[in-house]
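The next block holds one structure in the form of structure tokens; read it before the comments.
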Number of protein chains: 4
Amino acid sequence: MYAIAKTAAEPGAHMIQRDPTPPGEGDVLIKVTATSICGTDVHIYNWDAWAQSRIRVPLILGHEQAGIVEEVGPGVTRVAPGDHVSAETHIYCGRCYLCETGKPHICQNLEILGLDRDGSFAEYLTIPERVLWKNDPTVPPAVASIQEPFGNSVHVAMAGEVSTKNVLIMGDGPTGLLAAGVCRTLGASRVWLAGLLDYRLEVARRLGAHHTINAGSEDVVSQVLGWTEGLGADVVLDMSGSEAALKQAIALVRPGGRIIAFGIPSHSPQLDLAAVVFKEAELMGVVGRLIFDTWHQAARILPLVDVTAVITDELPLRDWEHGMKRMVQREAIKVILYPDR
Amino acid sequence: MYAIAKTAAEPGAHMIQRDPTPPGEGDVLIKVTATSICGTDVHIYNWDAWAQSRIRVPLILGHEQAGIVEEVGPGVTRVAPGDHVSAETHIYCGRCYLCETGKPHICQNLEILGLDRDGSFAEYLTIPERVLWKNDPTVPPAVASIQEPFGNSVHVAMAGEVSTKNVLIMGDGPTGLLAAGVCRTLGASRVWLAGLLDYRLEVARRLGAHHTINAGSEDVVSQVLGWTEGLGADVVLDMSGSEAALKQAIALVRPGGRIIAFGIPSHSPQLDLAAVVFKEAELMGVVGRLIFDTWHQAARILPLVDVTAVITDELPLRDWEHGMKRMVQREAIKVILYPDR
Amino acid sequence: MYAIAKTAAEPGAHMIQRDPTPPGEGDVLIKVTATSICGTDVHIYNWDAWAQSRIRVPLILGHEQAGIVEEVGPGVTRVAPGDHVSAETHIYCGRCYLCETGKPHICQNLEILGLDRDGSFAEYLTIPERVLWKNDPTVPPAVASIQEPFGNSVHVAMAGEVSTKNVLIMGDGPTGLLAAGVCRTLGASRVWLAGLLDYRLEVARRLGAHHTINAGSEDVVSQVLGWTEGLGADVVLDMSGSEAALKQAIALVRPGGRIIAFGIPSHSPQLDLAAVVFKEAELMGVVGRLIFDTWHQAARILPLVDVTAVITDELPLRDWEHGMKRMVQREAIKVILYPDR
Amino acid sequence: MYAIAKTAAEPGAHMIQRDPTPPGEGDVLIKVTATSICGTDVHIYNWDAWAQSRIRVPLILGHEQAGIVEEVGPGVTRVAPGDHVSAETHIYCGRCYLCETGKPHICQNLEILGLDRDGSFAEYLTIPERVLWKNDPTVPPAVASIQEPFGNSVHVAMAGEVSTKNVLIMGDGPTGLLAAGVCRTLGASRVWLAGLLDYRLEVARRLGAHHTINAGSEDVVSQVLGWTEGLGADVVLDMSGSEAALKQAIALVRPGGRIIAFGIPSHSPQLDLAAVVFKEAELMGVVGRLIFDTWHQAARILPLVDVTAVITDELPLRDWEHGMKRMVQREAIKVILYPDR
């Protein structure tokens with residue numbers, strides 16, 4: 001099979017040819033129909049400090065995917081050849097304290113697809129049955145593939161309990177943009193999104209944001225305080241991990257409000273914790289998706305959000321580097337790769 | 001009446017003589033039977049940067065108190081002369097969004113006793129009826145006075161949902177020590193307290209902490225990780241506001257765990273927010289006491305916690321400066337002042 | 001002024017003429033611009049067993065209303081003549097345990113407008129300032145008046161945490177119909193409504209219900225089990241109080257699901273509590289509106305729900321009995337009375 | 001091996017001899033060291049209407065147990081021979097909606113030990129690995145066996161959020177009595193228990209109940225209303241399933257309070273649902289134990305509750321019928337059977 005792999009501890013990646021891994025006990029071999037590029041893949045491609053410390057080569061990249069079951073290993077009973085599936089990318093151990101208490105997505109022994117084991121930028125993927133989600137076969141492969149980041153947005157918005165709330169979203173990456181659509185669908189009263197790229201802010205509005213703010217040229221703080229008569233936003237969703245955004249999140253959340261921290265800061269930000277205390281604000285980390293609560297929720301509201309609004313590129317797998325470079329340049333939002341085209 | 005006041009924008013305070021403020025519409029005049037010194041009073045006495053930016057002189061200091069209703073102003077109906085009372089120290093407006101939605105303790109227009117208006121280090125105190133709590137007359141004045149910091153500890157522990165949990169308390173001030181007693185009473189599984197002063201750690205153990213750690217000479221992180229087999233504490237209560245403690249709180253909270261931030265950092269700490277995200281931890285600011293939910297809760301468990309364990313000094317009001325200096329030196333934990341002795 | 005009052009302990013009511021009550025301390029005199037008929041008013045008009053046991057005559061009927069402040073009594077500061085307002089109809093004492101702990105809507109000493117004191121079917125209404133809600137002056141009086149039952153629907157749907165859920169609504173009264181609209185707005189995945197009158201089921205669909213069931217001629221249980229592949233509904237909102245509906249609610253809620261009981265049964269129903277236990281279902285009573293949390297929420301989503309869909313009749317106050325009779329016959333859903341027409 | 005089995009569809013049971021079931025894929029063979037009699041076993045022994053409708057013969061009875069792993073089947077990795085274990089008695093499928101969303105204890109395809117498959121009144125028990133809980137080897141077998149009903153009490157008390165609350169427990173069976181101990185441990189303010197048998201009420205007081213009421217000879221309603229100044233209890237735990245108790249639960253829960261329904265009524269009770277609505281009370285079904293959240297919680301507080309207080313009988317397995325008859329007569333509370341004595 002063809003696959004996109006990092007073969008050396010250096011920037012870049014290569015298309016390679018290898019045999020698929022035959023499915024062992026409890027494993028499933030999936031023919032990948034679509035796989036999409038995430039910001040994490042860009043970090044690995046760029047081989048930045050985080051990637052250098054986290055990734056061991058050789059490694060097939062990619063984790064967002066959709067496919068069709070090709071073959072099942074011994075003991076597999078939940079899926080059968082021909083089933084349309086996507087895989088939850090957080091492969092949990094099933095035995096630790098967190099797994100035993102209903103939180104496998106923050107398992108103590110997590111293995112992440114495309115980071116800790118070979119990923120989905122390939123014609124075939126072998127993965128444990130227990131993380132498989134059955135897709136409705138009528139959902140297009142591209143949409144099925146971006147259920148994974150859409151699930152992030154759903155998990156974030158549900159954790160934010162956004163219904164009837166004024167919500168400020170920080171960040172114009174795909175999960176931020178999709179969060180705008182999810183918040184509207186869940187009945188947020190007002191949805192504001194602050195980002196840096198005008199073409200993305202337009203997508204945010206298309207997905208339902210009432211207002212967008214170009215954080216590069218406009219004053220986020222004064223606008224939000226103006227809109228809320230000085231009170232601040234009920235909920236702030238940080239989808240950026242930027243220190244500036246996190247500082248604004250704390251400044252702008254209202255007393256008794258909630259900040260969801262989803263973006264991963266590249267270094268430890270300096271934060272006005274005294275304000276968090278005096279406001280009795282909640283700052284809640286959110287990661288991945290609840291397995292499988294979030295998948296069920298996402299599947300239910302998928303018809304209500306135009307997730308295709310974030311798809312800017314659809315390419316054959318062999319043209320992956322064109323897509324990756326557009327991601328690096330932030331010219332693309334979500335790039336879909338098709339191994340079978 | 002005699003009162004302890006800051007009369008000039010400079011370190012220190014003085015005993016002054018003045019008339020009590022006659023109670024206006026909705027106000028109550030209270031004869032103070034006991035009033036206790038809080039860390040906040042020490043900041044004001046020392047006239048540190050925070051106090052300089054926050055306090056306008058002249059001001060009678062003090063906010064923790066107990067007393068007896070002496071006289072009621074027009075329109076007062078909930079209390080009558082002779083009633084034993086303490087006052088909630090967060091005087092809310094009753095009209096803002098937070099007051100209208102059940103969160104008066106984080107009112108947008110809070111006035112704090114002894115900070116924004118004359119306080120309780122005095123023979124008499126005039127205060128709005130709406131913040132009065134009726135005390136059981138059999139509760140000694142000293143205990144009634146420290147209900148206020150005890151209420152902080154109760155609010156913190158209830159927000160931490162500590163029942164059956166492993167709890168790490170950071171800080172050996174009175175609210176940290178009392179939190180140890182509250183956590184035990186609420187059925188925490190293990191209660192650990194990290195502080196700096198051995199005589200206070202002994203009080204923590206007396207109040208029920210299973211283990212104490214001298215954070216100056218022992219390694220908090222390795223001890224807690226050892227006790228929890230590498231998992232971390234279910235709940236961390238930061239009662240210190242120290243940057244070092246907050247960093248440890250984030251390092252030591254388990255995935256899916258909760259940090260309660262109650263201590264006020266003097267500057268913005270640099271925090272590993274990526275760990276908060278990956279652990280899906282909750283960092284919740286907690287301030288004051290829920291009005292009056294926490295007062296009811298505190299009254300109910302007051303008989304179950306030996307709150308007198310934190311009282312190190314009981315003095316006539318005129319000897320206030322001796323008590324204050326012992327607070328400055330951290331030789332005292334809680335100093336009770338009696339205006340009528 | 002003219003008013004509609006029950007003057008004797010017998011069926012019916014009469015238009016009377018009387019002076020408005022001058023506003024006392026803390027009271028506000030309101031010129032009523034619209035007032036609407038609730039099912040409770042119908043019970044009182046019919047003088048059924050409940051009404052006979054609950055109501056003392058003479059009494060001006062009515063509680064849903066909107067108006068303009070005409071005059072304020074001493075001590076009133078939140079509103080001024082000319083303000084557009086509606087009154088929360090649960091007049092709380094402000095002093096009991098429930099009021100002290102953020103739940104005034106279930107105050108131990110509740111006085112209900114139009115039940116325990118003279119109501120709003122009148123040209124003028126005198127009411128304590130503390131229950132007044134300021135309306136946006138651009139909201140039409142009819143809509144402002146039905147904020148009260150709309151608030152019921154919002155409170156019910158928020159208690160049901162309906163986002164992403166499959167929701168079954170039992171009952172085609174105004175609060176049931178409005179709940180359909182609210183659930184859609186809050187992102188419920190599927191909304192089903194069971195009722196008895198086809199013209200009302202049509203309104204339910206207009207407000208957003210995906211499916212409606214005529215419970216008189218169709219089998220509610222088999223339909224819902226079919227739609228959910230035997231699992232049952234995530235949330236059931238009982239807006240009817242009917243024993244048959246409550247039995248179905250228990251039969252149809254999924255394991256781990258939630259039933260909101262809002263309708264008031266006229267007698268104690270026999271319920272399969274063993275099923276509630278084995279399913280670990282939650283059966284939560286919901287009444288009135290959170291003061292003022294629900295009012296804020298309702299105001300925020302009011303623009304998103306076509307509440308006028310339930311208004312079937314708009315009449316001058318003097319034609320009240322025509323509207324009342326249409327309510328008795330269940331020919332009307334919501335009747336608006338205009339005192340100034 | 002010897003085992004106690006129902007061999008015919010009629011009252012009674014017999015000691016039989018048969019081979020243990022060899023452990024299949026994922027199964028574990030356990031040498032039973034202690035097993036205890038539950039009220040459910042009494043229903044099956046008595047062959048009442050419920051048992052006749054639910055149980056298919058032949059069946060080895062019993063589900064509460066503790067033992068030592070004797071042999072593991074293929075694919076078992078979490079336990080090894082020699083491990084001390086107890087089995088969660090709700091054997092979940094792992095594939096249904098409830099299992100997929102963190103609620104396996106209310107799985108749609110539950111198989112219950114000793115009801116749907118051979119139980120633990122035997123020298124050996126074969127059971128799937130996934131429901132095994134590792135015991136601390138220092139915990140005596142009798143205590144390890146009653147972790148199962150103790151877990152019920154923990155699940156109930158945690159669902160009741162009893163810390164600082166006034167709690168009324170209805171029922172003097174083992175789970176009711178243990179709930180008294182758990183509520184005290186979790187910091188309930190006052191714990192009252194109503195039952196019928198004085199010797200059990202004494203056990204309740206030994207476990208920490210502040211007051212007990214003999215519901216046969218004393219007026220539960222007037223006592224609780226008296227103790228709470230007419231307000232009612234914050235939380236009522238129904239551990240009886242009796243219609244009279246459930247009616248009192250609704251009458252006695254305070255506005256905004258919570259009723260936990262754990263006891264299984266033998267028929268549908270007639271309940272004052274209007275009171276549930278007007279009080280905005282919560283009536284929550286609770287069943288089994290959260291898997292494994294409750295097991296962790298129970299293990300953590302096991303040292304804090306004197307669970308042996310409910311053990312009235314300890315017998316060799318062969319004397320099972322003596323113990324069963326004492327259960328039928330309600331002379332025993334909890335009977336421990338030892339297969340190896």
So, the part of B:Ile301 with a heavy atom under 4.5 Å from chain D: the answer is side chain
D:Asp306: what forms a side chain to side chain donor-acceptor pair (under 3.5 Å) with it, not counting sequence neighbours?
-> D:Arg206, D:Thr308
When D:Pro303, D:Ser189, D:Ala157 are compared by non-hydrogen pairs under 4.5 Å with chain B, the top option = D:Ser189
Within a strict 4.5 Å, meaning less than it, do heavy atoms of the B:Arg300 and D:Asp234 side chains meet?
-> yes
Applying side chain to side chain donor-acceptor pair (under 3.5 Å), name anything that partners D:Thr212, two or more places apart in sequence or on another chain.
-> D:Arg205
Flag if over 12 foreign heavy atoms under 6.0 Å of CD, D:Glu202 = no
Could you tell me which residues in residues 163-178 of chain B have at least one non-hydrogen atom under 4.5 Å from a non-hydrogen atom of chain D, sorted by residue number?
-> B:Ser163, B:Thr164, B:Lys165, B:Asn166
Those residues at least two apart in sequence (or on a different chain) that pass ring pair (Phe, Tyr, Trp, His ring centres under 6.0 Å) with D:His105 are D:His155
